Amino acid sequence: MTTETDQRESVYTTKAKDCLLDEIFDCGQCFRWDRNEDGSWSGVAFGHKLRAAMRGDTLALYGTDKAGFDAIWYDYFDLGRDYGEVKRRLSDDPVLAQAAEYSPGIRILRQEPWETLCSFIISQNNNIPRIKGIISRLCENFGEDIGGAWSFPSAETIARLAPGDLKPLRCGFREKYILDAANKVASGQIDLTALADMPLDEARRTLETIKGVGPKVADCALLFGCGRIECFPVDVWIKRVLACFYPDGFPEKYLPWGGIAQQYLFNYARNCPECGLN
DNA sequence: CGCCAGGCTTCTA
DNA sequence: TAGAAGCATGGC
């Protein structure tokens with residue numbers, strides 16, 4: 001929406017290579033961003049609204065300033081990582097080279113741990129439009145008003161709810177999973193910030209103590225919410241990729257960037273008509 | 001109507 | 001301990 005307030009809103013710009021917002025926001029890693037008619041994207045993260053647009057190789061961030069960029073958005077967009085270098089390393093492998101070429105502007109967003117865990121619990125046996133709807137209702141019902149948008153409700157807020165309060169979300173059997181996750185996080189039984197530095201298998205086992213969290217949801221939470229770029233979540237699409245292109249398993253030499261490789265492969269398998277998997 | 005959706009839990013042999 | 005059934009909901 002273009003209004004007077006939009007024209008007055010502050011903007012921060014920065015150079016960003018290997019950065020295409022349509023690919024970043026539409027590859028299934030996040031659920032709170034929507035494309036505007038002018039091609040820019042609006043969303044909420046870390047309790048702040050933002051509108052983002054690419055102008056050539058410049059990333060323009062509306063509704064923030066240098067302080068906000070330094071505190072939140074630089075890490076959120078993973079701007080400290082050289083994706084060109086990652087792609088050069090992955091491109092030894094012809095399938096990875098092709099997948100990366102198909103979506104050259106994907107970046108892995110560093111999202112809030114609790115929001116990411118909760119979102120991927122909701123994602124199980126579900127489709128992306130409905131996932132976005134459920135999360136939107138979760139924020140509208142239990143988040144804080146941040147001025148024309150809602151923050152993602154904290155684990156503490158969800159943990160205080162009475163049984164049945166999540167009914168308006170229409171999230172089905174996932175309701176009890178969300179509550180169990182919120183209880184374990186809010187009580188301190190699980191410290192999500194500690195997962196960033198824990199041995200990976202220990203971090204996985206910790207998350208899998210939550211009802212409704214298995215290997216795939218745990219790896220998504222670790223990859224997108226805890227900065228564990230070596231996580232390689234295996235879902236139905238990746239299973240097809242592995243069966244077709246890597247019958248002997250995914251090459252270990254690429255695992256240091258496994259999560260980035262996974263996003264290239266996931267998007268390629270799902271969306272590229274020529275890949276033969278969809 | 002039936003099938004499927006970025007899975008997981010539970011039941012069964 | 002592997003493999004199938006069941007799970008809420010909504011779009012097609």
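Just so it is clear: chains get the letters A, B, ... in the order the sequence lines come, proteins before strands, and each one is counted from 1. These numbers were taken from a predicted model, which means no experiment stands behind them.
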For A:K176, report the nucleic acid contact type (base, sugar-phosphate, nothing); a contact means any heavy atom under 4.0 Å. sugar-phosphate
Pairwise distance OG1(A:T116) to CG(A:L223) - rounded to 0.5 angstrom: 9.5 Å
Base, sugar-phosphate or nothing for A:E175? Non-hydrogen atoms, less than 4.0 Å. nothing
Would you indicate what A:G28 reaches in the nucleic acid, counting non-hydrogen atoms under 4.0 angstrom: base, sugar-phosphate, or nothing? base
Apply salt bridge (charged side-chain N to carboxylate O under 4.0 Å, His left out) to residues A:E208 and A:R204 and explain how you reach the verdict. CA-CA 6 Å; A:E208 287 174 17; A:R204 287 194 179 107; 5.8 Å; no
Atom pairs and distances, side-chain donor-acceptor, residues 104-113 of chain A, under 3.5 Å, sequence neighbours left out:
{"residue": "A:R107", "atom": "NE", "partner": "A:F77", "partner atom": "O", "Å": "2.9"}
{"residue": "A:R107", "atom": "NH1", "partner": "A:K17", "partner atom": "O", "Å": "2.8"}
{"residue": "A:R107", "atom": "NH1", "partner": "A:D18", "partner atom": "O", "Å": "3.3"}
{"residue": "A:R107", "atom": "NH2", "partner": "A:D78", "partner atom": "O", "Å": "2.8"}
{"residue": "A:R107", "atom": "NH2", "partner": "A:R81", "partner atom": "O", "Å": "3.2"}
{"residue": "A:Q111", "atom": "NE2", "partner": "A:Q29", "partner atom": "O", "Å": "2.8"}
{"residue": "A:E112", "atom": "OE1", "partner": "A:F46", "partner atom": "N", "Å": "3.3"}

Starting from P on C:dT9, measure out to CD1 on A:I134 and report it in whole angstrom. 10 Å
Between A:Y12 and A:Y62, does the ring centre distance come in under 6.0 Å? no
Using the ring of each side chain (for Trp, its six-membered ring), is A:Y74 parallel, tilted or perpendicular to A:F69, with breaks at 30° and 60°? perpendicular
Between the base of C:dA8 and the side chain of A:N125, is there a donor-acceptor distance below 3.5 Å? yes
If I pick the P atom on C:dA8 and the same atom on B:dC11, what distance separates them, to the nearest angstrom? 13 Å
Can you list, by chain and residue number, the hydrophobic cluster partners of A:Y102 when the side-chain cut-off is 4.5 Å? A:Y268
Partners passing side-chain hydrogen bond (donor to acceptor under 3.5 Å, both in side chains) against A:D70 (at least two apart in sequence or in another chain): A:K66
Integer angstrom distance from the P of C:dG6 to that of B:dG6: 23 Å
Atom P, compared across C:dA5 and B:dG2: separation rounded to whole Å: 16 Å
Residues passing the side-chain hydrogen bond (donor to acceptor under 3.5 Å, both in side chains) test with A:W237, sequence neighbours excluded, are none
Find the distance A:F173:CZ to C:dA5:P and express it as a whole number of Å. 17 Å
Which residues share a side-chain hydrogen bond (donor to acceptor under 3.5 Å, both in side chains) with A:D22, sequence neighbours left out: A:R35, A:W41
Below 4.0 angstrom, which residues in residues 260-275 of chain A have at least one non-hydrogen atom near DNA chain B? A:Q262, A:Q263, A:F266
Does A:R137 pair with A:E140 as a salt bridge, N-O distance under 4.0 Å? no
Which residues, ordered by chain and number, are linked to A:V44 in its hydrophobic cluster, where ILVMFWY side chains connect at heavy-atom gaps below 4.5 Å, directly or through other members? A:I146
Salt bridge (Lys or Arg N to Asp or Glu O under 4.0 Å) contacts touching residues 175-198 of chain A (sequence neighbours left out): A:D180-A:K184
Using heavy atoms to find the nearest nucleotide of DNA chain B for A:K211 and A:P129 separately, return the residue whose nucleotide is more 5′. A:P129
Using nucleotides 10-12 of chain C, report all nitrogen or oxygen pairs with the protein that are shorter than 3.5 Å.
{"residue": "C:dG10", "atom": "OP1", "partner": "A:R170", "partner atom": "NE", "Å": "2.4"}

Salt bridge A:E156-A:R160, side-chain N to carboxylate O under 4.0 Å: no
Could you check which residues of residues 213-226 of chain A get a heavy atom under 4.0 Å from DNA chain B? Sort them by number, please. A:V213, A:G214, A:P215, A:K216, A:V217
For residues 251-259 of chain A, which side-chain N or O atoms pair as donor and acceptor with protein atoms under 3.5 Å away, sequence neighbours left out?
{"residue": "A:K253", "atom": "NZ", "partner": "A:D92", "partner atom": "OD2", "Å": "3.0"}
{"residue": "A:Y254", "atom": "OH", "partner": "A:D93", "partner atom": "N", "Å": "3.3"}

Give me the first and last nucleotide of DNA chain B, going 5' to 3', that has any atom under 4.0 Å from a heavy atom of chain A. B:dA5 to B:dT9
